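Report on one structure; see the data block that follows.
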Amino acid sequence: MTIDKNFEPASIEKKWYDHWENNNAFRPERPDAQPYTIVNPPPNVTGSLHIGHALDNTLQDIMIRYERLRGKDALWVVGTDHAGIATQMVVERQMEAAGDKRSNYNREEFIDKVWEWKEESGGTITRQLRRLGCSMDWSREQFTMDPHFTKAVTKVFVDLYNKKNADGRGMIYRDKRLVNWDPKLKTAISDLEVETREINGNFWRFKYPLAADENGDTVTFDGPDGAGQNYIEVATTRPETMLADMAVAVHPDDTRYADVVGKYVELPITGRRVPIVADEHADPELGSGAVKITPGHDFNDFDVGKRIGIEAKDMLNMFDGDGNVCQTSDSLIPKEYVGLHRFKLEKENGTKIQARELVVRALKELGLLIPHISKNKKGEEVVSDAEPRIIQTPYGDRGGVVIEPWLTDQWYVDAQTLAKPAIDAVKNGDIEIVPKTWEKTYFNWMENIQPWCVSRQLWWGHRVPAWYGPTKIGEFDFTEHLKSQGYRENQLPVFVATTFKEARIKAAEVYGLEESDIFQAPEMEGQFVSQGTARIPLWHDEDVLDTWFSSALWPFATLGWPEDTTVRAESVEVRAGKSNDPSTSSGRTASLLHKHYPNDLLISGFDILFFWDARMAMQGIEFMGEGGKKPIEESRPWKTLYLHGLVRAADGQKMSKSKGNVVDPLGLIDEYGADALRFFMAAMESQGRDIKMDDERVKGYRNFATKLWNAARFAQSNGIGASQSLSAPTATLAANRWIIGEIQETLTALDKALADLRFDAAANTIYHFTWDLFCDWYLELIKPIIQGEDNDDTSETRQVAGWVLDQILVMLHPFMPFITEELWHAMASSEGRKSARNYDIILAKWPVPKAKIDNDAKAEIDWIIAFTSAMRSAKNELGIAPGAKLDCIFPDALQARVGTLQSTLERVARIASSSFGDAPDGASMQLVVDGQTIIVPLEGVIDIEAEKARLTKAYEAVSKEAKSLEGRLSNENFVARAKPEAVEKAKSDLAEKSAEAERLKIALERLG
RNA sequence: GGGCGUAUAGCUCAGCGGUAGAGCACUACAUUGACAUUGUAGGGGUCGCAAGUUCAAUCCUUGCUACGCCCA
């Protein structure tokens, strides 16, 4: 197959991808091979490929292809995430666009709609990953809502519920406490899903009148505003929440308020009588030093409330799920407030009055608003209701509205207990985080981890495996019976189990009834009426689990857990790469899970370190370690966690749809080819830095691919074909011996770079070798040989060149899979030769360094390069045409070397003739190469002054270096204290530079 | 407020205790020869600022400044 004149990526990419996939090349049967495993961060099932995926997946594919070439059983697990909130939002938005809405459907109907949408758009991103060339194991494609995955999720939930932590509490428990409530999505979200934004807000100051004492007598105190003060001043950024205030707090050490602690205020508007308490939360420096306490709608106030003895269940709640005012349990909120929205939301232009406005207006009318007085530019006093302030405000990262702290019952994971071994794993080096700087961030978060709220009030996701039973139903009251079973008054019995059947067994025990007396109810309690017998309805928890709760199980649930728990003796050996057991070579008898867990490497963006990576570490160690029974070497999800940065727009901005600066990786693939985009990602990926998008650079790597294409085309047209052997052919010619040595060095550097996960260094290494050494020097050096008459040299050179080109293709394959596969096959079937290989490069063998570096050859070729460069440079500076062929007079010492290189030097350095001996008189150009002077007579042609200037410049540069070295060596301290190697190096450098300077000086003198 | 990162050529970035490199851009020259998606040569940097450690600092330490990110 002759290589086409033009390299067109689009014409080869699809061909080879389909070929690989159809031939099972991504996961060939290698039962005896050492495993290598990466799990792919599952993209949202309905998502599409963005530039960050391109980076993330390129890096993973490089490692997978590399390890596959190295002969390992490389498994790259792929799949998609159901992405609860994101997917449900997409479907709801589509419904809205069609004039429909979720509430028009029941739960099952809606979920069916989501599945329909998943079927419709679920293939997008997986098709796009294929276009990037990712060699994942599609035969085992996973989805986080696959039945086996649901089993894993359920088991994890149930097991954690049943497992007690050090305090005797379940590792998963239900609790009533404040959660981050998203009033738009109407669900609780975790701390991580809340982002703090700075917004322009206000700081209001109010007077709260002191309440009369038990005797009805007026209370006053000597406060900050003077003697006999009958109110206490509070300040707030959220005045509307005063409708649910339950206390006013002052700092215990704040003497200004010492007298009033223990007294009461009578809240305006509601008339609620609430205590003034001492609590360290109050900051004496902030506002008046007194702070209103709303335990039901502020996280700090919740803690204060608990400290002063208010139980969560007694805390007042004044908002419904939409963030509208609702009546508190003490019914003290005036009617006109009920139903109002809490405050004006951005993008909401309603003219209806909001609770916040109405509260401020009411307090102002009551004369309880303390106005803010400021000065304008002219120095005049301006009176306003409140002081403008920048306020840190929590927003939901998905819904985009202000989070309302809300008191609800939710399921929590005891993350603190789970975090401990995961922290130790990193501390002890059992999990290595690369780059290391992220370890601190990891520790900082893990050591301060809060209970993880995992329940979501959504429909799309894994249903919480919990069922509730009644405390009474009709005339049947189980309250006393349940108390005897250890339940608190009014506490609904909850049965956590993997199935309803199991829940029913537990319920039967608790209620003391037969299983048949218990039935699954579709609705909540209260909808049921007595049927004359004590038949007990159990209803399923309505909530689903946080998406990240399930994706945390990705490294093992995708490999068959919990079903596949068999540990076979051979699997351990297989993992160590030592197995010779024939039973394993006849098929994959070793358990997939035990062969591929722990994974070797996880590559993810640092932005999901907490969301995903840390949680995988926690769940992996817990469940694969079987609760501490197994050593960390077996329980950790991966040995190495590599975190890469963000891909930013060219101007350094974060890419976002709203900014309109999103770069589509598929557009780049269309324009420059997948190989070029991949190479760009690798070359730019240095550890610990974001990548700025640069189309020009992608273009540059497309050019690199073209360069390689043309080099192969040149090779092919000169009778160079595929290599006939894995090891380097025998070589006698210097150029061949040299390039074989350079391959070894390149390979060593490349292996090291990949071992260190230095993708940039790896890419640059192979780039440099291919372009600068192979194309620019080697091919030029061998042209006279392969284009001359056929002889032993010609055939040796063709052998070596073919072998070197193959090494390039294999080493480049992980980075540029498509072009390398194309050229691999094209080279194998050069005209007139039989194909030497009937296999694909994707399954080729990675080169193993074997040949020794030939120092003589290296010295010789380095000299040619130095001489040729000096010649070209001198010509350029003297205005001599680059193509001009010149005569050279070499010193006698070079006779042997130049003699054998005659034809090469003629061609490469453009020498007309060479002779040896002393310099003749007359004008000449003089080259100092490697301490020897070469004379190029140019009588009548040369501009003496230009040559003088050139030599002078060179002389000065070398002298300066020599002088600096001399200075250092004459420093006694240096000679005495510096490392001996440094002194030796300085000495030899000085000798070299001095010699060179001396030569140049002589050359200058010769010119007169 | 706490933590982390970054600052090196016009741009994007490597790097290193012994006075600096790449790609792109720029300048000059070349052009039927694998390749203009090219070749050759060249210009360009007091390595953010200040102090300290050291025989020696762009590199290590400290402080400062600027920018970015994370957490509260």
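Since the model is a prediction, treat every value here as computed from it, not as a measurement.
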Inset, instruction - Any strand is fair game: report the nucleotide pairing with B/A7 by Watson-Crick or G-U wobble, both distances under 3.5 Å, or none. - result: B/U65

Inset, instruction - Could you tell me whether A/W438 and A/Y442 have their ring centroids closer than 6.0 angstrom? - result: no

Legend entry - Complementary nucleotide of B/G44, counting Watson-Crick and G-U pairs under 3.5 Å: none

Legend entry - Stacked cation flag A/R615 on A/W452, 6.0 angstrom / 45 deg: yes

Inset, instruction - For B/A20 and B/U62, measure between their C1' atoms and round to the nearest Å. - result: 25 Å

Inset, instruction - Have a look at A/Q392 and say if it touches a base, only the backbone sugar-phosphate, or nothing, with a 4.0 Å heavy-atom cut-off. - result: base

Legend entry - Partner nucleotide, any strand, of B/C55 [Watson-Crick/G-U, under 3.5 Å]: B/G18

Inset, instruction - Check whether the ring centres of A/Y767 and A/Y701 lie less than 6.0 Å apart, and answer yes or no. - result: yes

Legend entry - Which residue lies more 5' along RNA chain B, comparing A/K783 with A/D191 via nearest heavy atoms: A/K783

Inset, instruction - Ignoring backbone atoms, establish whether A/N703 has a side-chain N or O less than 4.0 Å from OP1 or OP2 of B/U38. - result: yes

Inset, instruction - Figure out the NZ/C1' separation between A/K979 and B/G17, and round it to whole Å. - result: 7 Å

Legend entry - 5' priority, RNA chain B, between A/T706 and A/I691 [closest heavy atom]: A/I691

Legend entry - Under-4.0 Å salt bridge between A/E447 and A/K427: yes

Legend entry - B/A14 to B/U53 separation - C1' atoms, rounded to the nearest Å: 27 Å

Legend entry - Residues A/R197 and A/E195 bridged, charged N to O under 4.0 Å: yes

Distances for protein N/O vs nucleotides 4-8 of chain B N/O pairs under 3.5 angstrom?
unit_1: B/C4; atom_1: OP1; unit_2: A/K440; atom_2: NZ; d: 2.9
unit_1: B/U6; atom_1: O3'; unit_2: A/R689; atom_2: NH2; d: 3.0
unit_1: B/A7; atom_1: OP1; unit_2: A/R689; atom_2: NH2; d: 3.0

Legend entry - Ionic contact status for A/K987 with A/D989, cut-off 4.0 Å: no

Legend entry - Same-atom distance (C1') from B/A50 to B/G1, integer angstrom: 27 Å

Legend entry - Sugar-phosphate only, base, or nothing, as touched by A/K699 at under 4.0 Å among non-hydrogen atoms: nothing

Legend entry - Salt bridge present between A/E966 and A/K963 (N-O < 4.0 angstrom): no

Inset, instruction - Using a 4.0 Å heavy-atom cut-off across all strands, classify A/K692 as base, sugar-phosphate, or nothing. - result: sugar-phosphate

Inset, instruction - Classify the nucleic acid contact of A/R697 as base, sugar-phosphate or nothing, counting any heavy atom under 4.0 Å across all strands shown. - result: base

